[in-house]
Every structure is written in C-alpha cells, then in structure tokens.
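See below for the structure under consideration.
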Amino acid sequence: MSAAKGPVGFIGLGNMGGPMALNLAKHGFSLVVNDVDAKKTEPFSARGATVVRQAQQVAAAVTRTICMVETTAQATDVIAGERGIIKSAASGHIVICMSTVDPFVVRQLGGQLAARGIAMLDAPVSGGTTRAASGELSIIVGGEAATFEACRDLFQAMGTKIFHVGGLGQGLAMKLVNNMLGQVARVAIAEALVMGVKAGLDPQTIYDVIRVSTGTSHAFETGVPRILARDFAPGGKVDISYKDQELETAFAKQLGVPILMANVSQQVYQMARAAGLGQEDGLSIVKLYERLAGVEVKGAR
C-alpha cells in the first residue's frame, strides 16, 4: 500500500520526529527527509532514504509531506517560506503538520495551500518520546475527512490511537487542551510531593497511597516514579512545555476564555527555565519547590 502511494516526505527529525519517521521506514514507506541539522538525517540515509537540503525539494519529490518542527515560526517557514513546501508541491499534494503550533496560523497556512490545490491536515501527537519510538502515539487530526482517510496509513504506522476531531486546526485545539491539563497537573504534583516530604512522610508511601486514592492521575502514576528515581531525562523538555503554554494562553485570549491555572503554571515553568532546567523533563519543576522547602523527593537508593 505504501509503495503504491510513493515516497513520503518528512521534515524535522528531532526527538519526536526522528522516531516517528523511523517507524514509517519500518512499515515500508520510502522517505525523502530534511532537517536543519544534517547529523539527524544520517540514520535515514543509512536506511536508504533520500536526504535533501530544503523543504521545497522534499515536496517536489513526494505527494504527502509531514512537518514535525518545534515552533509556529519554523512551521510557517517550512510550509510557506521562500524555500518552503508551497514553492514546489503540485496540486493534490497533502501537507500534514504534526507540530504543536498555533491553530489560527495553521488555518491561515491551510488557506494559502488550498489556493494552490494543496490539502492540509493538522495532526499533533501525544505520548512523548517513549511512545514515539514504540509507534504507540495518540494522533489527533483536524482537516477534511477525505484527506484524513488518504493519510490514515501514515498515522497507523506511527500511532495506535488515532482521532479525527473536526476541521483544520481542531486537532491542535484538542492537543492544547490535553497539554494544559498535563502541565497544570505536574505543578500540583510537585507541590504535593514536597509538602508531604516536608511533613515527614516517606515519598514512596505518598506514591503508594495516592495512586490508589482519589488524588491520582495519569500524570501522577507515570511521573512520580521518575521523580523518586531522580530521572529527569527529557521526554518532554521544560522549554517545550513553556512553548506550548505560550500557545495555550494566546489561544485562550483569542477565544475570550479565562484560564487562570494555565497562566499561573506557566510562571513555574518560566522559573524552571531561569533556574537552568530548560533542557530537562517537565517533571524537573519539582526541584524548584525542593530548593524552597529544603527537602528532596527521592526513593530509597
């Protein structure tokens, strides 16, 4: 099926994009890839992928192009910039923006592409680097139903939970709702753990009790064991969480929706960045509270 549809373009081979593209290759898709960091293309060249220098060269060689970059500005440049996809994609091409970026900007880009006969989907993902590597991402898609179906084979190669939630931009709206809940939860978890340890409770006992009580959550159950093990290797960096919070708060302002907790939690992530934790996992915000309270949340060694 993949061979019949021809090669697939993939732009952005970072911590998330790299594993996602490798899963496409493992499922038999031939790839044309591009990244600003040439080193990130090396594993794909070794697997027989075609490596090109610019986004427009990717789009010229394929009929479907995935964009997985970090910021709204980068996505705009890749899709509609001077050397972007729009410069060479033929009518009927499909652009799949899997980056977490501004939903309103994506709709604007979609309009520019549509004027040239190019379709677009927004398809942000959830699951972090672990599930990106295992091919078990949740993929949340916005766009026309027919375009979504035309790309289902790609999504099935990268994820196990695939949702079509509405028109263009709605995938990103859903992703921002999801991210906001997780980010606020991590702040609450950090505060609760540090309060408990300061009160003399054993941190492992806190985990054992809460995970079977009403205070539990997915964020608690998956995050606290990593905090106890002092494992802050980035599955989702503080810097990326902060970037996403900027998207969330700006989106809410444009919608006229008050989001108090998201704005407050954003300042905690900003403090973590100021403290030099930007490249660590979002769970590392617990270190801020530990320093203020004079305790450390860790399991038995």
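These numbers come from the heavy atoms of this one structure, side chains and all, not from hydrogens, waters or symmetry mates. In this text, all values refer to a predicted model and were calculated from it rather than measured experimentally.
The hydrophobic cluster containing V95 also includes I11, V32, V52, V58, V62, V69, V78, I79, I85, I86, V101, V105, V106, L109, L113, I118, M120, L168, L172, under a criterion of side-chain heavy atoms closer than 4.5 Å among ILVMFWY residues, counted directly or through chains of members. Chaining together hydrophobic side chains whose heavy atoms lie under 4.5 Å apart leaves L292 on its own. Side-chain contacts under 4.5 Å among hydrophobic residues (ILVMFWY), followed directly or transitively, place V165 together with I140, F163, M174. Applying the 4.5 Å side-chain rule to ILVMFWY residues, one finds that I240 remains a lone member of its cluster.
Of the residues listed (N179, T249, N178), the one engaging D244 in a side chain to side chain donor-acceptor pair (under 3.5 Å) is N179, and it is the only one. When each of Q183, Q245, E246, E248 is checked for a side chain to side chain donor-acceptor pair (under 3.5 Å) with Q266, only E246 meets the rule.
Applying the side-chain contact (heavy atoms from CB on, under 4.5 Å) rule to D202 yields the partners Q204, T205; only residues at least two apart in sequence or on another chain are considered. By the side-chain contact (heavy atoms from CB on, under 4.5 Å) test, M271 is found to be paired with V268, L288, residues two or more places apart in sequence or in another chain being considered. Taking R273 as the reference, D239 meet the salt bridge (charged side-chain N to carboxylate O under 4.0 Å, His left out) condition, with sequence neighbours excluded. For Q57, there are no side-chain hydrogen bond (donor to acceptor under 3.5 Å, both in side chains) partners at least two apart in sequence or on another chain. Evaluation of the side-chain hydrogen bond (donor to acceptor under 3.5 Å, both in side chains) rule for S45 yields no partner, not counting sequence neighbours. D35 pairs by the salt bridge (charged side-chain N to carboxylate O under 4.0 Å, His left out) definition with nothing, not counting sequence neighbours. E280 meets the salt bridge (charged side-chain N to carboxylate O under 4.0 Å, His left out) test with K287; sequence neighbours excluded.
Considering CE of M158 and CE of M20, their distance stands at 5.0 Å, rounded to 0.5 Å. Rounded to the nearest 0.5 angstrom, N34 CG and F10 CZ are separated by 11.5 Å.
No continuous path of ILVMFWY side-chain contacts below 4.5 Å connects L176 to V238, so the two sit in separate hydrophobic clusters. Cluster membership for F251 and V257, using ILVMFWY side-chain heavy atoms within less than 4.5 angstrom, is shared. In terms of hydrophobic clustering, with Ile, Leu, Val, Met, Phe, Trp and Tyr side chains grouped at heavy-atom distances under 4.5 Å, V184 and V194 are assigned to different clusters. Both I96 and M16 sit in one connected hydrophobic cluster of ILVMFWY residues. Membership requires side-chain heavy atoms under 4.5 Å apart, directly or through other members.
For the pair Q170 and R107, the minimum side-chain heavy-atom distance is below 4.5 Å. Here the side chains of Q74 and V36 are not in contact, with every heavy-atom distance at 4.5 Å or above. Two residues are said to be in side-chain contact when any heavy atoms from C-beta on lie closer than 4.5 Å; L22 and F44 meet this criterion. Contact annotation: the side chain of F232 approaches that of V286 to within less than 4.5 Å [non-hydrogen atoms, C-beta and beyond]. Under the 4.5 Å side-chain criterion, counting only non-hydrogen atoms from C-beta, F29 is in contact with R64. C151 places a side-chain heavy atom less than 4.5 Å from the side chain of I94.
Within a 6.0 Å radius of CZ in R291, other residues, nucleotides and ligands contribute more than 12 heavy atoms. Within 6.0 Å of CZ in R47 there are more than 12 heavy atoms belonging to other residues, nucleotides or ligands. Within a 6.0 Å sphere centred on CD of E82, heavy atoms belonging to other residues, nucleotides or ligands number 12 at most.
For the pair D281 (side chain) and K237 (backbone), a donor-acceptor distance under 3.5 Å is absent.
Under 4.0 Å is where a charged nitrogen must lie from a carboxylate oxygen, and between R152 and E149 at least one such pair does.
The salt bridge (charged side-chain N to carboxylate O under 4.0 Å, His left out) contacts involving residues 171-199 comprise nothing, where partners must be two or more places apart or lie in separate chains.
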